[in-house]
Amino acid sequence: MTAVDFHFDPMCPFAYQTSVWIREVRDQLGITVNWRFFSLEEVNRFEGKKHPWEREWSYGWSLMRIGALLRRRGMRHLDTWYARIGEALHVRGEKPHDPAVARQLLDDPAALDEALRDTTTHDEVRSDHHRVTDAGGFGVPTLFFAGERAFFGPVLVDPPRGAEAVKLWNVVTGMADLPHVYELRRLKAPADHELIARTLRPYLSGRDWVSVNRGEIIDLPGDPA
C-alpha cells in the first residue's frame, strides 16, 4: 500500500504518537499520508451539552477548522502544522488549544481568523468525522486504506523508528489484507501502565479539560460546555 488516510484529533495524545510513527514510515517508504479529522469532543459529548460547532471556540474542533483551511492551501501545510501543535501539547505540555497560543503557532497568524469566519470549515471537519463514525469508528487514530478499509490504531506510546517502524507498517497493512480479522490487543502489565503515564505527562499538564472514559482503550478528551 502506498497511501493512507490518517484521521486525528489534535488533542489526542495517542493519535499524536501514531502520527510520529506514520511520518517515520513515510520517510522510509515514501508513502502518501492524507491527514483527516475526527472530533473527540463530539463523540464524547453528553446529552444537553453543546455540539463543538455551536461554541465560539472549542478546543480540538476549532483547531481542526484551522487545519481544514490549511489543507485547502495544500496538504503539506496541514502536515507541518499538525506536527508543530502536536509537539507543543504532547511533548512540551503547552496549550495550542488556547486561541492566543494557536495563533502564535501559525506561520500565517491571520489563518486563525479566516478559518473561524468561514463556516464551511465546520462542514469539512464534520464530513471527515462522519466518515469515521459511518464506518463504525469511535476514536483516533483511525486509518483508512484503499477500498475504505478502516482500522482503529495502532495505539502507541513509544513510536518505533527505522526498520521497526516499517515492520509495524507491514503488520498493519498485512492485517488490512485479511478482511475478517477484527481485533488484536496486547494486554497491559503494570510496567506498561507506568510507561503510558510517563508518556502522557506533558499532555496532562497542558490540557484544560476533563477526560471522558466510556470504556474504550483510552481516556478521551471532552470539552466543557
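Quick note: residue numbers are just sequence positions, from 1.
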remark   = dist Leu105:CG -> Glu87:CD (nearest 0.5 Å) comes out at 10.0 Å
ask   = Where the side chain of Ser127 meets the backbone of Asp123, is there a donor-acceptor pair that is under 3.5 Å apart?
value = no
inquiry  = Taking Trp57's backbone N and O only, do any of them form a donor-acceptor pair with Ser62's side chain (distance below 3.5 Å, no angle check)?
reply    = no
request  = Indicate whether any N or O donor in one side chain lies under 3.5 Å from an N or O acceptor in the other, for Trp61 and His122.
outcome  = yes
query = Are any side-chain N or O atoms of Asp79 and backbone N or O atoms of Met75, one a donor and one an acceptor, separated by less than 3.5 Å?
reply = no
key: Approximate separation, where rounding is to 0.5 Å, of Phe152 CZ and Thr18 OG1   = 8.0 Å
query = For Val25 and Ala165, which heavy atoms make the closest approach, and how far apart are they?
reply = CG2-O, 3.6 Å
message = Under 4.0 Å between a side-chain nitrogen and a carboxylate oxygen: does that hold for Asp27 and Arg161?
response = no
message = Hydrophobic clustering (ILVMFWY, side-chain heavy atoms < 4.5 Å, transitive) - are Tyr182 and Val132 grouped together?
response = no
task = Evaluate the ring planes of Phe151 and Phe145, with Trp represented by its six-membered ring, and classify them as parallel (under 30°), tilted (30 to 60°) or perpendicular (over 60°).
result = perpendicular
query = Nearest 0.5 Å, what's the CD-CG distance between Gln104 and Leu112?
reply = 11.0 Å
ask   = Would you call Asp192 and Arg186 a salt bridge, using N to O less than 4.0 angstrom?
value = no
Cluster overlap Trp21 with Leu184, hydrophobic side-chain contacts below 4.5 Å = no
Lys/Arg-Asp/Glu bridge criterion (N-O < 4.0 Å) met for Arg198, Glu194 = yes
key: Value rounded to 0.5 Å, distance of CG in Leu78 from CD1 in Ile66   = 11.5 Å
key: Thr2 side, atom OG1; Leu29 side, atom CG - distance, nearest 0.5 Å   = 10.5 Å
query = Cationic tip of Arg36 within the cone over Phe144's six-membered ring, i.e. under 6.0 Å and within 45° of the normal?
reply = no
ask   = Between Glu41 and Ser58, does any side-chain donor sit less than 3.5 Å from a side-chain acceptor?
value = yes
note = When rounded to the nearest 0.5 Å, the distance separating CD1 of Ile85 from OG1 of Thr80 is 11.5 Å
ask   = In terms of hydrophobic clusters joined by side-chain contacts under 4.5 Å, are Val101 and Leu69 together?
value = no
message = Below 30° counts as parallel, above 60° as perpendicular, anything between as tilted: where do the rings of His97 and Tyr59 land?
response = perpendicular
Sole residue of Arg72, Arg65, His129 in side-chain hydrogen bond (donor to acceptor under 3.5 Å, both in side chains) with Glu124 = Arg72
Any donor-acceptor pair under 3.5 Å from His77 side chain to Arg71 backbone = no
query = Counting only N and O atoms by type, is there a donor-acceptor contact under 3.5 Å from the side chain of His90 to the main-chain atoms of Pro10?
reply = yes
is_close_aromatic(Phe38, Phe8), centroid dist under 6.0 Å = no
query = Under a 4.0 Å N-O cut-off, is there an ion pair linking Arg117 with Glu114?
reply = no
ask   = Taking NZ, NE, NH1 and NH2 as the nitrogens, is one of them in Asp128 or Arg131 under 4.0 Å from a carboxylate oxygen of the other?
value = no
